[in-house]
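Just so you know, ligand 1 is whichever comes first in the structure, and atom 1 is the first atom listed for that ligand.
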Amino acid sequence: MPINPDVAIGAEIGEVSFAWTSSDVLLYHLALGAGPAELRYTYERDLVVLPTFATVAANLRVFEPPAVSFPGIEIDLAKVLHGKQEITLHRPIPTSGKAVARSRVADVFDKGKAAVVVQEVAVTSSAGDPLWTARSSIFARGEGGFGGSRGPSDRIGWPSRAPDFVFETPTLPQQALLYRLCGDRNPLHADPSFARAAGFERPILHGLCTYGIVARVLVNELLDGDPARVASFGAKFAGVVFPGETLRIRVWREDGRLLVTTSAAERDDAPVLADTVLVSTI
Ligand SMILES: CCCCCCC[C@@H](O)CC(=O)SCCNC(=O)CCNC(=O)[C@H](O)C(C)(C)COP(=O)(O)OP(=O)(O)OC[C@H]1O[C@@H](n2cnc3c(N)ncnc32)[C@H](O)[C@@H]1OP(=O)(O)O
């Protein structure tokens with residue numbers, strides 16, 4: 001059986017020690033499209049680190065496609081899409097460092113036509129200080145029906161008024177080819193025949209690249225360019241992005257939070273990120 005919830009739920013995935021340098025941070029920011037107007041992301045003097053670096057830091061030296069293989073879970077990579085991502089920052093991410101990530105399978109949901117696998121990771125510095133925690137869901141098409149719980153069907157209440165801000169930001173045709181150098185070598189983002197076999201007309205952008213680009217725009221436009229103000233950032237991947245498309249980002253300020261939706265401007269505003277919430281410290 002590809003998914004055995006009794007074995008999978010709560011299973012420890014293990015501990016990984018990792019390190020990063022300012023070159024990794026610069027590469028990550030370039031892979032999110034940062035350029036000469038954002039030297040605090042792209043030049044080592046006064047370098048700051050976007051909080052979404054948390055989603056790549058442990059995988060920077062990974063050169064193989066990811067395997068969806070955990071205790072009680074074996075899933076073909078071609079069936080997998082990133083479903084949701086959330087990070088909580090316990091302190092600003094330093095420009096270089098060493099850390100330890102401890103991961104577990106937090107939950108597995110049976111959506112009938114699909115399975116949703118929720119992973120949690122807690123990252124501490126080598127000195128033992130908490131750096132960040134993250135929660136990610138993968139959506140595995142065709143892997144439901146194993147008899148597990150359907151799980152929550154939560155949706156965040158959204159303001160009905162027009163957005164307070166709308167930003168547009170381009171992605172590059174080579175965005176996914178650049179972003180994969182940050183550690184996610186899933187062929188879905190590079191290989192046209194793999195993408196077609198997975199049901200897409202061409203390679204799609206990494207969900208975490210879109211997520212990072214949106215965080216970059218929000219920090220630049222609404223948090224005075226200060227990534228240290230991000231306390232948490234979560235989003236649901238609602239639809240694919242094809243590299244080269246323009247992201248349209250709509251933002252509502254609500255109860256001290258930024259509520260955000262993102263769509264693909266050239267495809268009739270097709271939703272790409274939903275339920276996106278950024279909580280800032282001030
Ligand atoms: C360990 C190694 C891991 C490797 C990971 C690999 C990482 C990367 O390389 C892979 C990627 O980056 S893929 C790119 C980013 N992701 C995407 O583009 C996905 C975009 N989303 C979609 O296509 C659809 O929303 C789709 C297909 C996700 C869902 O659409 P539908 O099939 O139409 O679903 P729907 O009928 O609306 O809902 C069915 C039930 O599923 C829940 N759900 C929906 N979207 C979800 C999502 N994004 N995440 C989690 N759960 C989701 C719904 O709530 C519903 O459940 P219920 O009926 O109980 O409410």
What does the N/O contact table under 3.5 Å look like for ligand 1?
residue  : atom   : partner : partner atom : Å
ligand 1 : 9 (O)  : Asp184  : OD1          : 3.4
ligand 1 : 9 (O)  : Asp184  : OD2          : 2.6
ligand 1 : 9 (O)  : Asn186  : ND2          : 3.0
ligand 1 : 9 (O)  : His189  : NE2          : 2.8
ligand 1 : 12 (O) : Gly207  : N            : 2.9
ligand 1 : 16 (N) : His82   : O            : 3.0
ligand 1 : 21 (N) : Phe237  : O            : 3.0
ligand 1 : 21 (N) : Gly239  : N            : 3.4
ligand 1 : 25 (O) : Ala238  : O            : 3.2
ligand 1 : 32 (O) : Lys113  : NZ           : 3.1
ligand 1 : 36 (O) : Lys113  : NZ           : 2.8
ligand 1 : 48 (N) : Gly83   : O            : 2.9
ligand 1 : 48 (N) : Phe237  : O            : 3.0
ligand 1 : 49 (N) : Gly83   : O            : 3.4
ligand 1 : 56 (O) : Lys111  : NZ           : 3.3
ligand 1 : 58 (O) : Arg150  : NE           : 3.4
ligand 1 : 58 (O) : Arg150  : NH2          : 2.8
ligand 1 : 59 (O) : Lys111  : NZ           : 2.9
ligand 1 : 59 (O) : Arg150  : NE           : 3.0
ligand 1 : 60 (O) : Ser153  : OG           : 2.4

Atom CG of Asp129 with >12 non-hydrogen neighbours under 6.0 angstrom
yes
Same cluster (ILVMFWY, side-chain, under 4.5 Å), Leu181 and Val49
no
Taking the basic N atoms (NZ, or NE/NH1/NH2) and the acidic carboxylate oxygens, is any pair closer than 4.0 Å for Asp107 and Arg135?
no
Check for a donor-acceptor pair, side chain of His206 on one end and backbone N or O of Asp184 on the other, with a separation under 3.5 Å.
yes
As a quick check of understanding, evaluate side chain to side chain donor-acceptor pair (under 3.5 Å) for Thr52 and Arg216, giving each step before the final call.
CA-CA 9 Å; Thr52 49; Arg216 181 182 130 240; over 6 Å; no
Indicate yes or no for a side-chain donor-acceptor contact from Asp224 to the backbone of Asp226 under 3.5 Å, with no hydrogens or angles considered.
no
